Amino acid sequence: MALKAPFSCFYLGNKKFLLLEKPIVCELYYSNRVVNPLLQNEQPFTPQMFADQLENEKIFEDSSKTNTVYHFTYEWGHFYNNQELLGQDELLAIKIQYNKSQVIDFKKVSAQNYNVKFIEFPVLKSYEYAFNKARQCLLLGECYQLNLTNRFKLRILERPDEKKLFDLFVSKSDHLSAYSHFSYIPNIELILFSNSPEGLFQKGSFKGEESIYSMPIKGTYRLKENEDWKILWIKLIKDKKNGAELDMITDMIRNDLSKIANRPSIVRKRKSPLIVPQILHQYSLVSTKLLKEMNLGSVLNSLFPGGSITGAPKKRVMKLLFEIENIPRKFYCGSTFLRTNTHFASSINIRTAEINLSNSEIELHAGGGITLLSECKNEYEEMNLKISSFLDCFFDLTDSRKES
């Protein structure tokens, strides 16, 4: 493996991984320029030019010779919803096309966890301030639900190495979720390390009809070790607050899917269980018929960013979140899109870390949906549960929050 060139890896299940190597295209799209590290140049660029490029990528085109990965930041969603919120030199996406792909079984890989320590985290008092601002928006009728998030930063206590981090990722296959992936982008010293369980969209077939579908997650219960998830599931499906969140976002996704080609969409699953480390979630599944005229740009324009990590109504909520959170989400709550001759799927990047190799820092975000039924302390605890769900799988934590 050429570790000083970009590479990506996606978990396929059953301890198998799709490894993508030998990049032939690598482009970093900013709001004012595009950088090509392979050619070592950059050119002026605009978000509209990027949007046009995405619309030229037809879903039904021949992908037999294409291994394409897009990493979209959450901020790319401002182009579709609130263009005035785009920053002057803001990273919007990374595109990588690979010449080589192979399915690998990494069963025998072993790796040690890195020791990490918190250097930035939201205390309850600061979270309560943001929560109250979100609640005020709900009381004033500015939105129905909004997904409030916060940033966490950690420092790796030994110098991180991309090969060791990759070994760590593949060695934890028992803990990996459906949309887990790992990408190394050496020119900006960045590793995207994701254990996301949530899909934004992918292709599938329902009753013989080729479809595109989305699987939003809403609802979180702590799942203790050796606890019977089926008993906990009965409690979750009876929870009015979590049920209302999922129903609201499911209807929003149904509407978003219908906008792609002005065709109706169908709720295939209204409420189903999903188990991830330490957590029981609930999700729904919504689909619409896949048409030949559909393209990647039109799908993103309708669905991105995902309703489960924004709220409703999406356009208004994204502006409110921009003002309340006051910190860019970057790749967290963005999306990673994979296209090969056998895969066409896009995640929502929750449980996702950005690892900066130059300063040994990890940036994480977590949050949850706020409604009028939400209680501040419960939401704060849920946010920290989601952070623990990720960190406990991969890192040995010196919890400096307890020392503060």
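Just so it is clear, the structure is predicted and the values come from calculations on it, not from any experiment.
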Please report the closest heavy-atom contact between [X] and [Y], naming both atoms and the distance.
X: Leu296; Y: Tyr70; result: CD2-CE1, 3.9 Å
X: Lys172; Y: Leu168; result: CG-O, 3.1 Å
X: Thr220; Y: Leu236; result: N-CD1, 4.4 Å
X: Ser177; Y: Asn195; result: N-OD1, 2.8 Å
X: His365; Y: Tyr332; result: CB-CD2, 3.1 Å
X: Gly306; Y: Ile348; result: CA-CD1, 4.0 Å

May I ask you to decide whether [X] forms a salt bridge with [Y], counting only side-chain N to carboxylate O separations under 4.0 Å?
X: Lys259; Y: Asp256; result: yes
X: Glu27; Y: Lys95; result: no
X: Asp239; Y: Lys235; result: no
X: Arg33; Y: Asp89; result: yes
X: Lys240; Y: Asp247; result: no
X: Glu210; Y: Lys292; result: no
X: Arg151; Y: Glu120; result: yes
X: Glu142; Y: Arg316; result: yes

Beyond-backbone contact of Phe152 with Ile119, side-chain heavy atoms, under 4.5 angstrom: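 Counting from C-beta outward, Phe152 and Ile119 never come under 4.5 Å.
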Give a yes or no answer on whether the side chain of [X] reaches the backbone of [Y] with a donor-acceptor pair at less than 3.5 Å.
X: Asn32; Y: Pro44; value: no
X: Ser360; Y: Asn356; value: no
X: His343; Y: Asn341; value: no
X: Thr336; Y: Ser347; value: no
X: Ser211; Y: Lys289; value: no

For the pair [X] and [Y], name the ring-plane relationship: parallel under 30°, tilted 30 to 60°, perpendicular over 60°.
X: Phe166; Y: Phe182; value: perpendicular
X: His71; Y: Phe331; value: perpendicular
X: Phe201; Y: Phe337; value: tilted
X: His78; Y: Tyr74; value: perpendicular
X: Phe72; Y: Phe304; value: tilted

Matching residue for Gln97 among Thr68, Leu20, Asn67, Val69 - test: side-chain contact (heavy atoms from CB on, under 4.5 Å):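 Result: among Thr68, Leu20, Asn67, Val69, Thr68 is the only option passing the side-chain contact (heavy atoms from CB on, under 4.5 Å) with Gln97.
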Surrounding [atom1] of [X] (heavy atoms of other residues, nucleotides or ligands, distance under 6.0 Å), is the total greater than 12?
X: Lys22; atom1: NZ; value: no
X: Lys319; atom1: NZ; value: no
X: Glu293; atom1: CD; value: yes

No-hydrogen, no-angle side-chain donor-acceptor test under 3.5 Å, Lys271 and Asn242: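 No, no side-chain donor-acceptor pair sits under 3.5 Å.
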Distance-only side-chain donor-acceptor flag, Gln53 / Tyr29, under 3.5 Å: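 Their side chains do contain a donor-acceptor pair, which is all the 3.5 Å distance test asks for.
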